[in-house]
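Encoded as structure tokens, the structure appears first; notes follow it.
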There are 2 protein chains.
Amino acid sequence: MPAATKAKPRPRPQRRAPRSRIPKPYHHGDLRRALIDAGFRLVEERGVERLSMREAARRAGVSPGAPFRHFESREALMTAVALEAQRRFRAEIEAALQESASGDPLARLRAFGVAYLRWAMRNPAHFEIISSGKLFDYDKSADLVRDNAEVVGMFEGTLMEAAAQGQLRPADLKQVQIAGRALVYGFARMNIDGHFPRWGVAAHDAEATAEAVVDVFINGIAKRPRKA
Amino acid sequence: MPAATKAKPRPRPQRRAPRSRIPKPYHHGDLRRALIDAGFRLVEERGVERLSMREAARRAGVSPGAPFRHFESREALMTAVALEAQRRFRAEIEAALQESASGDPLARLRAFGVAYLRWAMRNPAHFEIISSGKLFDYDKSADLVRDNAEVVGMFEGTLMEAAAQGQLRPADLKQVQIAGRALVYGFARMNIDGHFPRWGVAAHDAEATAEAVVDVFINGIAKRPRKA
DNA sequence: ACCTGAACACCGTTCAAGT
DNA sequence: ACCTGAACACCGTTCAAGT
């Protein structure tokens with residue numbers, strides 16, 4: 001009955017009956033970590049909705065019930081995977097902001113948007129898990145909330161600097177902020193949701209179009225447009 | 001064994017052994033339609049991912065296998081429900097465009113965006129099913145593709161009119177179009193994905209904020225802004 | 001022609017039992 | 001303390017059998 005799925009490669013024959021037969025403890029040390037890694041790859045390979053506890057368990061080489069010792073539900077594993085993705089996302093944004101730190105606020109805002117979309121274009125499934133809302137209870141993960149708040153804060157701060165330096169046309173800043181967020185978020189989701197073909201955006205054009213779209217927005221709020 | 005789930009209210013007693021005992025044929029006439037209706041409500045009540053064939057069958061009062069006589073898969077039922085939603089969505093957009101037909105192109109563009117978001121705010125689950133991409137194979141439904149192409153066409157046409165009448169600042173129209181699409185789509189998805197609380201948009205403010213965001217965009221592309 | 005009901009292969013989740 | 005393996009209630013889907 002125990003399905004011998006994997007035909008484990010027998011360890012090299014040893015000279016005598018081994019006292020401790022290659023520890024192979026209960027498993028390879030850190031099941032929690034192994035499950036997050038398996039989940040992360042599962043999301044990457046098959047998409048968010050195909051992350052399953054049983055498959056993650058299979059990949060980690062444990063029985064179906066084992067993950068529940070470390071994650072109380074599929075949602076909890078999802079949250080852990082999302083946190084992992086969010087960390088990488090945020091690291092990329094921060095790197096981009098640092099590179100453009102010498103520029104004026106509007107240039108930094110542009111760099112922000114471009115970095116955001118670049119990551120989203122290259123990691124669609126991970127972007128999806130971060131932002132999808134139904135996959136786990138966002139507010140239950142303090143780390144996730146804080147991490148996100150910081151990204152939002154960076155955006156808000158840069159926008160306010162641009163306003164303070166007189167780079168923007170008169171407008172309600174809060175509304176501009178939400179519009180900007182909606183723009184990049186919408187672009188990222190159009191990619192995830194497969195809308196680009198219908199809108200004449202080829203796959204290899206996605207990143208270039210992303211930049212163009214960010215420019216449309218920046219030019220829309222700037223007092224003096226840069227490119228025509 | 002046959003779970004008597006519903007305790008069918010016995011029909012009023014008849015005088016003699018009825019020749020045709022209240023037809024109650026195989027079921028109530030049109031299972032296909034009943035399943036689409038059940039699916040539509042299921043999406044409304046519980047969200048897209050909770051639409052199940054078995055539950056739709058239960059609501060229609062048939063056995064688990066019955067739906068497969070009319071829809072070859074869950075995806076096919078999804079597609080039918082999406083088509084229903086798309087029809088309503090398109091009707092609302094068209095009505096809005098008709099009401100604003102006397103205005104200039106930019107005013108019509110605004111009406112378009114506002115109608116789009118209004119519907120999306122009020123019918124989030126149905127908006128989601130139309131646009132989500134992974135729920136069914138969009139391109140397999142010619143109706144869906146055509147219906148969507150027409151909405152896209154209305155947007156494009158209005159934008160070009162605005163350009164032709166000199167209402168727009170110089171810009172690449174295709175990019176403006178994609179940016180506009182991304183903006184409304186992103187706003188609609190932020191609502192679906194539960195981002196508004198994190199962005200300080202209260203539920204009762206969603207529609208007003210939607211208008212404001214559309215205005216930010218229109219003002220961004222217009223030669224002469226209307227409101228500050 | 002249309003539907004039933006049992007069946008199969010999957011899931012998430014629980015829990016006694018093993019090490 | 002951590003994991004196994006059987007169990008339960010769900011799914012989507014198929015298919016013989018009934019009407």
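Numbers restart at 1 for each chain; the letters A, B, ... are given by sequence-line order, proteins then strands. What you see below is based on every heavy atom in this structure, not just the backbone, and it leaves out hydrogens, waters and symmetry mates.
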So that I can tick it off, tell me whether [Y] and [X] are bridged by a salt bridge, with the cut-off set at under 4.0 angstrom between side-chain N and carboxylate O.
X	Y	answer
Lys140(A)	Glu72(A)	no
Arg87(A)	Asp147(A)	no
Arg50(A)	Glu45(A)	no
Glu44(B)	Arg88(B)	no

Nearest to the side chain of [X], which nucleotide is it out of [options]?
X	options	answer
Ser63(B)	dC3(C), dG12(C), dT4(C)	dT4(C)
Met53(B)	dG5(D), dT13(D), dC3(D)	dT13(D)
Ser52(A)	dT13(C), dG12(C), dT4(C)	dG12(C)

| field | N/O donor-acceptor pair, side chain Arg69(A) with base dT4(D), under 3.5 angstrom | value |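 Looking at the base of dT4(D), it does not pair with any donor or acceptor on the side chain of Arg69(A) (distance under 3.5 Å).
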| Given the rule that a pair is Watson-Crick or G-U wobble with both distances under 3.5 Å, how would you write DNA chain D in dot-bracket, using | for pairs to a different strand? | ||.|||||...|||||.||
Report the distance from atom [atom1] of [X] to atom [atom2] of [N], rounded to the nearest whole Å.
X	N	atom1	atom2	answer
Arg58(A)	dA9(C)	CZ	P	14 Å
Leu31(B)	dA1(C)	CG	C1'	13 Å
Glu49(B)	dC10(D)	CD	P	18 Å
Arg54(A)	dC8(D)	CZ	P	14 Å
Glu55(B)	dC10(D)	CD	C1'	12 Å
Arg32(B)	dC2(C)	CZ	P	12 Å
Phe68(A)	dA1(D)	CZ	C1'	19 Å
Glu72(B)	dT13(D)	CD	P	9 Å

| side chain to side chain contact (heavy atoms under 4.5 Å, CB included) against Arg198(B), all qualifying residues, sequence neighbours excluded |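 Result, side chain to side chain contact (heavy atoms under 4.5 Å, CB included) vs Arg198(B): Tyr138(A), Asn148(A), His195(B).
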| message | Heavy atoms within less than 4.0 Å of DNA chain C: which residues of residues 73-81 of chain A have one? Give them sorted by number. | response |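 Result for residues 73-81 of chain A: Ser73(A), Arg74(A), sorted by number.
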| Check against salt bridge (Lys or Arg N to Asp or Glu O under 4.0 Å), Glu49(B) and Arg74(B) | CA-CA 11 Å; Glu49(B) 59 289 318; Arg74(B) 184 183 119 116; over 6 Å; no
| query | How about Phe217(A) and Phe217(B): do any of their side-chain heavy atoms sit closer than 4.5 Å? | reply |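 Answer no - side chains too far apart.
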| query | For residues Arg189(B) and Ser132(B), is any side-chain donor paired with an opposing acceptor at under 3.5 Å? | reply |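 Yes - a donor-acceptor pair under 3.5 Å links their side chains.
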| salt bridge (Lys or Arg N to Asp or Glu O under 4.0 Å) between Glu55(B) and Arg46(B), worked out | CA-CA 11 Å; Glu55(B) 179 65 22; Arg46(B) 307 194 184 175; 3.7 Å; yes
